Structure formats: structure tokens, C-alpha cells
Amino acid sequence: MSEARVLECVRCGAAVAFRAPACLYCRAAQTWSDAPPILHRTARIFGHRYPPDPPLGATVLKDVVATPEGARVSVGSKRSKLAVSTAVQRRNGCVAVTGVALDADMGFGALVRAYAEGSIFGAYSAVVVPAYRAVALSRLLEGGEVSELIELSGWESTTAVRPLGEPNTVEIRYADSVLQVLVNDVRIITFVDAGIGYGKIGWRAVSLGDPGSVLLRGIEVFDVGAR
Amino acid sequence: MLACPACATPIEQGSHVCSGCGLFVRIEGGRATPVYPDVRPGAVLASHDLVRTRPPGMNRGTRTLENGVRVSEVAEGLALELPGGQAFRSGISLVRRRDVCVRANFVASDPSVRFSLVARCELMGKATTHYSLIFDMGKLLVRLERVIASPKITIATPLTEWRPAAGLLPVGQPNDVELRAFGATLEGLVSGRRVLVFHDPVLGVGYPGIRVEAIGAAGRCLWRGLEIREVAS
């Protein structure tokens, strides 16, 4: 193994659940500190820059348009749009989405562990709303006639989120049930939730009120390690 | 480079674990084959002999549910009479956990009955997600599904094909069935014998339960017992 890994059995390397007393395979006892591990980026495994890359979702979503400043995503009032990459499916990783909100009620962010059952998506989503310097982590089920969202963290308002019109990078680092959200490299949220264990990665844009737009500048995926 | 048999992610040289989905693999003869952990039941978390006790929240006495399912107490357990296309569900939401063994005992009286064990049933507003191990009592087959159910739509993704469930007894005879969920490993058993094992890391946590459905024609089923156990570490 070339990179540091997280939540693996120290004896046999099998995946272990956070706070599991023993390895599933070799039964070796596992020890844990009280706090979740701090996750950090390791190897880069996927990346898009807008421009020049074609925006993720542009082939299926008519409101995603490539522009010289980035991928412009238009969202209707109190609606959301999301796109996932079929190229990357992971249990553990780090997804960073960079963009600019162009309107006050607009937010955007990263999607991880997205899975589809027919037309319905389940995923974790971390979204910033720059006008309120706010960020939240949620678990969602969306598509078709289903639209359910569980706020895992509640909204956190922090100056780490740059204001409206400035670029923000929203990042989710995830390993087993440990989820961490960073904005512009500042760790804001750490949450333990085992609801979804595996899936694709992507972006999400939301309108909390009036219709509006965001400009997405890129999406990157990394492996994660732990300290 | 070898690909993971579960998710097709390339497996790094020298590694026995898929970096994509976490599946442990054995590499021999140029092939990667899944290695599943030995899942053993541990301490009992909840046990209901339906002659005497009920899961929390379930009413006693004979009653007819909104969907026409009739539930009545009989000497041998809980008798369910299901109109065609209707289902009876029961779960223990207090036992919300990732690793669990759910075991039930039942007697189907009609071949239209499908008896399912449910694990990791998680509420998402009005919708739920869960795994379902389904026993078709007409054909004596078993299948594992991943399900999203909402009041308006239910989508079930088959994780395995229908396959013969060795040891599953036909209509009129008692069956003892079990679903063990341990990490990403899901294992189905009939009378203590493994009939199915599958690696699916998507749904991580939720509560266990059962679901009884009548496919096509009306069906009757006697539900006799439910036992929820930890997985032994």
C-alpha cells in the first residue's frame, strides 16, 4: 500500500468500522481514542477544472452551461440540482468542490457516497451558503417523487466561508462513519453517521429562496489518511 | 491489474483489500475472489415468542389494518391474513445498529406468501431505506434486495438473483430464517445453514424487522417468533 490508510486493521489490512472492537476477518482487537480520527488528504485520484474540462452533469442537465469563468448552474426557487461522476465510487475519500455563489439565496457543495435506486439518489451533501457564511452537512434522498433531507450538523455560520461572489472550496473527508467538512481548508464539522457506506461523488447546487446561479470552478477527489 | 469482483475498482498490487468498496479478496491463479468474514451471532438484544410477547408498540388482540391485513392472536403465535398485493410490516426501531442478526420463525399457509427479514431500515423523513432478504414460499427461492420505500414509490434493487433456498420447508411447515449484517457482509441462513452471502457497503445503519407480503392471491402466514442478536466480536 503506497499511501497511509484509515480504518483498516493493523494486522491484516481489512476494512474496520470506526470503534469496532475487533477486525471482521482476523479478529484482532482494535483500539480507538474517544475522538474520531482527523482525516487528511493523500493521493489525488480524480480532478476536473472548469474550464477547460466539460462540466460534470452538463450532458444531462440543461441548466449546466460551460462558460469562460466556470460551469454555470442555474437553479429554480427552492430547488436543487446535483450531478455525480460515474468514474469514481468509493467507501473512503475526500471530495472538494470549488465555486462561487452568484445570488444571495444560493449554495453549493460536495456530494459523496451517492447511490441511485431507479430515479432516486441517496447521498451525503455538504453545502455552503456564502451570503450567510454558513455550511451544513446533511444526508439526502432525492429524485422522482421523493425529497427527504436530514440535517446532520445543523447550519454552522463561520468566517471561514467567504462571502457572496468570492470563491469557496467545500470539502468532505469521509472514512467509514467519520465525516468531516472543511471550507477553504478550515475544518468546521466532524460528524459520525453510518447511514450510507459507499457510492459515487459529485456536486450539488441549491436555492434556499429565489432562483439563482452558481459558478463551479472544479471538483477534485483524493484518498484519505488519518492522524 | 486485477479488478474488485464487487465494484470493479482496480486492486493495488500486493493488497488484499479493495480501496473502492473495502471488500477483502483472495488472489490466486490470477483471479480475485471475495473473502467473507465469519459472522456469528452474539448476545440477544430482543426476543419475542409471539404467543406471549409483542415487539414494542404492537397492539394486542385481533385487528384489521388500513390495508386490509387481518392480524389475530392464536395459540401458536400471530396469524396474518393478507389480501393479494398487501403487506404486513413490523420492526424494532429501538435496535438501530449496523451489525445485527435478525431471525424469525414462521409458517406460510399459502404459496403466495413472501416472508422477508429486514435489516438496516433507516427513516429518512417519510421514506425508508433497508435491506430485505426475501423468501418466496411458492417457489422456495431466496433473494436479497436493497430498497427505498416512500408513501408514493418503492424501488427495490435486486442484489442477487432468485436462487433455491436449501432447507426452506414448503407451505404448512415451520421455517427458521436469519439475516446477518456485519459491516458490508450480508448473509442469509435457513435453519442455521447459509443460503446466500453478499457484499454491499451502501446502507450502513438502521433497525431490524420483518415484512410479510401476499403476491397476487391472498395469503396467510403464522408468525411465531423474532429474535435480534448482536454479532459476536
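If you're wondering where the values come from, they're calculated on a predicted model, not measured in any experiment. Protein chains get the first letters and strands the later ones, always in sequence-line order, with residue 1 at the start of each.
Closest of all the heavy-atom pairs between Ala14(A) and Val17(B) is CA-CG2, 3.8 Å. Phe24(B) and Cys12(A) get closest at one heavy-atom pair: CE1-O, 3.9 Å. Across Ala15(A) and Gly22(B), no two heavy atoms sit closer than the pair CB-O, 4.0 Å.
Rounding to the nearest 0.5 Å gives a distance of 11.5 Å between SG of Cys7(B) and CZ of Arg91(A). For the atom pair CD1 of Ile120(A) and CD1 of Ile155(B), the computed distance is 3.5 Å after rounding to the nearest 0.5 Å.
Remark: Phe198(B) CZ is packed, more than 12 non-hydrogen atoms of other residues, nucleotides or ligands lying under 6.0 Å away. More than 12 heavy atoms of other residues, nucleotides or ligands sit less than 6.0 Å from atom CZ of Arg163(B). Atom CZ of Arg193(B) has 12 or fewer neighbouring heavy atoms from other residues, nucleotides or ligands inside a 6.0 Å radius.
Ranked by heavy-atom pairs under 4.5 Å with chain A, the first of Asp99(B), Ile148(B), Leu203(B) is Ile148(B). Interface remark: of the candidates Thr157(B), Val205(B), Val202(B), Val202(B) forms the most heavy-atom pairs closer than 4.5 Å to chain A. The candidate from Gly118(A), Ala29(A), Gly195(A), Gly144(A) with the greatest count of non-hydrogen atom pairs under 4.5 Å with chain B is Gly195(A).
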List the steps, then state whether side-chain contact (heavy atoms from CB on, under 4.5 Å) holds for Thr129(B) with Ile196(A).
CA-CA 10 Å; Thr129(B) 56; Ile196(A) 306 172; over 6 Å; no

Give the C-alpha distance, both sets of side-chain angles, the deciding distance and a yes or no for side-chain contact (heavy atoms from CB on, under 4.5 Å) between Val146(A) and Lys152(B).
CA-CA 8 Å; Val146(A) 176; Lys152(B) 291 182 179 173; over 6 Å; no

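For the pair Ser177(A)/Arg98(B), a side-chain contact is recorded, criterion being any heavy-atom separation below 4.5 Å from C-beta on. At least one side-chain heavy atom of Arg27(A) sits less than 4.5 Å from a side-chain heavy atom of Asp38(B).
Using a 4.5 Å cut-off between heavy atoms, Arg96(B) contacts chain A through its side chain alone, with no backbone atom that close. With a 4.5 Å cut-off on non-hydrogen atoms, Gln89(A) touches chain B through its backbone but not through its side chain. Contacts between Arg146(B) and chain A at a heavy-atom distance below 4.5 Å involve backbone atoms as well as side-chain atoms.
Using modelled atom types, no side-chain atom of Glu117(A) and backbone atom of Val147(B) make a donor-acceptor pair closer than 3.5 Å. Although no hydrogens or angles enter the test, the distance criterion places a donor-acceptor pair under 3.5 Å between the side chain of Tyr25(A) and the main chain of Val35(B).
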